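Taking it in order: structure first as structure tokens, then the write-up.
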Amino acid sequence: MTGTVGRPLRADARRNRDKVLRTAYEVFAAEGLGVPIDEIARRAGVGAGTVYRHFPTKEALYQAIVVDRVEHLVNTARELAATTAPGQAFFDFFDLMTTAGATDKGLVEALAGEGFDIEAVMPRHEQAFMDAMRELLERAQGAGAVRADVTVADVKTLMVGCQAMQRYGGDNTPARVLEVVREGLRPGR
């Protein structure tokens with residue numbers, strides 16, 4: 001990681017930046033995007049000035065976190081596509097994404113466009129995510145594991161809906177409803 005002028009960060013500055021990112025990720029995942037920067041700084045054990053030195057705005061901080069998460073998800077999708085049978089890869093990724101909704105409120109809000117428009121702010125990352133999902137979907141459709149009339153936009157909409165349901169559903173509702181959604185994605189029986 002480099003500083004704003006292209007110089008490498010000092011070791012202490014890099015540690016502080018990493019600490020802020022870890023803390024912000026945990027806070028945004030648990031509580032969403034509404035947490036103030038000052039609170040993130042307090043929980044990270046640094047001053048607000050330290051946070052603002054690395055991330056001049058809350059959006060810049062969140063963008064750094066989302067970039068990391070989206071890159072991880074894209075890599076996971078690509079790995080599944082390369083190593084797992086098409087239908088299994090698609091449903092494994094779908095399950096991973098819907099389960100993330102129960103634990104990563106910030107990512108869910110970003111994917112849903114709540115308070116942070118990932119498509120507008122980070123079009124390259126949004127496109128990479130959609131392309132990775134499209135590859136999984138098309139492979140699964142080619143193998144006959146997913147309905148041919150389902151689009152990648154449909155899958156993203158279903159994921160966001162299932163993520164919200166994971167957060168707000170009752171005890172048995174998420175597992176039961178996820179199974180209904182999975183069956184709805186499969187070709188007619």
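Scope of the values below: all heavy atoms of this structure, side chains included, with no hydrogens, waters or symmetry mates. A quick note: this is a predicted structure, and the numbers were derived from the prediction, not measured.
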What distance do [X] atom [atom1] and [Y] atom [atom2] have between them, rounded to the nearest 0.5 Å?
X	Y	atom1	atom2	answer
D12	T50	CG	OG1	9.5 Å
T57	I37	OG1	CD1	7.5 Å
L136	R139	CG	CZ	7.0 Å
R10	N16	CZ	CG	8.5 Å
L61	E59	CG	CD	9.5 Å
L21	E26	CG	CD	11.0 Å

Inset, instruction - Kindly assign one of parallel, tilted or perpendicular to the pair F129 and F93, based on the angle between their ring planes and the thresholds 30° and 60°. - result: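 F129 and F93: tilted rings.
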Inset, instruction - Mind telling me whether F90 and F94 have parallel, tilted or perpendicular rings, with 30° and 60° as the class edges? - result: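 The arrangement is parallel - the two ring planes meet at less than 30°.
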Please find the pair of heavy atoms, one from [X] and one from [Y], that lie closest to each other, and give the distance.
X	Y	result
P86	A140	O-CB, 3.7 Å
G144	P187	O-CG, 3.1 Å
R182	D95	NE-OD1, 2.7 Å
A81	A89	N-CB, 4.4 Å

Validation row: [X], [Y] side chains within 4.5 angstrom (heavy atoms):
X	Y	result
L178	T98	yes
V70	V74	yes
L137	T151	no
V20	R17	no
F55	Q63	no
E126	K156	yes

Inset, instruction - Verify, without hydrogens or angle tests, whether Q141 (side chain) and V150 (backbone) share a donor-acceptor contact under 3.5 angstrom. - result: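 Side chain of Q141 to backbone of V150: a pair is present.
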Inset, instruction - Check for a donor-acceptor pair, side chain of T23 on one end and backbone N or O of K19 on the other, with a separation under 3.5 Å. - result: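 Judged by distance alone, yes, a pair lies under 3.5 Å.
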Legend entry - Residue pair D131 / Q127, side-chain donor-acceptor N/O under 3.5 Å: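 Their side chains do contain a donor-acceptor pair, which is all the 3.5 Å distance test asks for.
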Inset, instruction - Not counting sequence neighbours, which residues clear side chain to side chain donor-acceptor pair (under 3.5 Å) with R147? List them please. - result: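 In terms of side chain to side chain donor-acceptor pair (under 3.5 Å), with neighbours along the sequence ignored, R147 is linked to D149.
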Inset, instruction - Report the residues that fulfil side chain to side chain donor-acceptor pair (under 3.5 Å) with E71, sequence neighbours left out, ordered by chain and then residue number. - result: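 Scan of E71 (side chain to side chain donor-acceptor pair (under 3.5 Å), adjacent residues dropped) gives H125.
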Inset, instruction - Evaluate the criterion salt bridge (charged side-chain N to carboxylate O under 4.0 Å, His left out) for residue pair E39 and R43; output intermediate values, then yes/no. - result: CA-CA 6 Å; E39 179 60 17; R43 292 184 193 186; 2.6 Å; yes
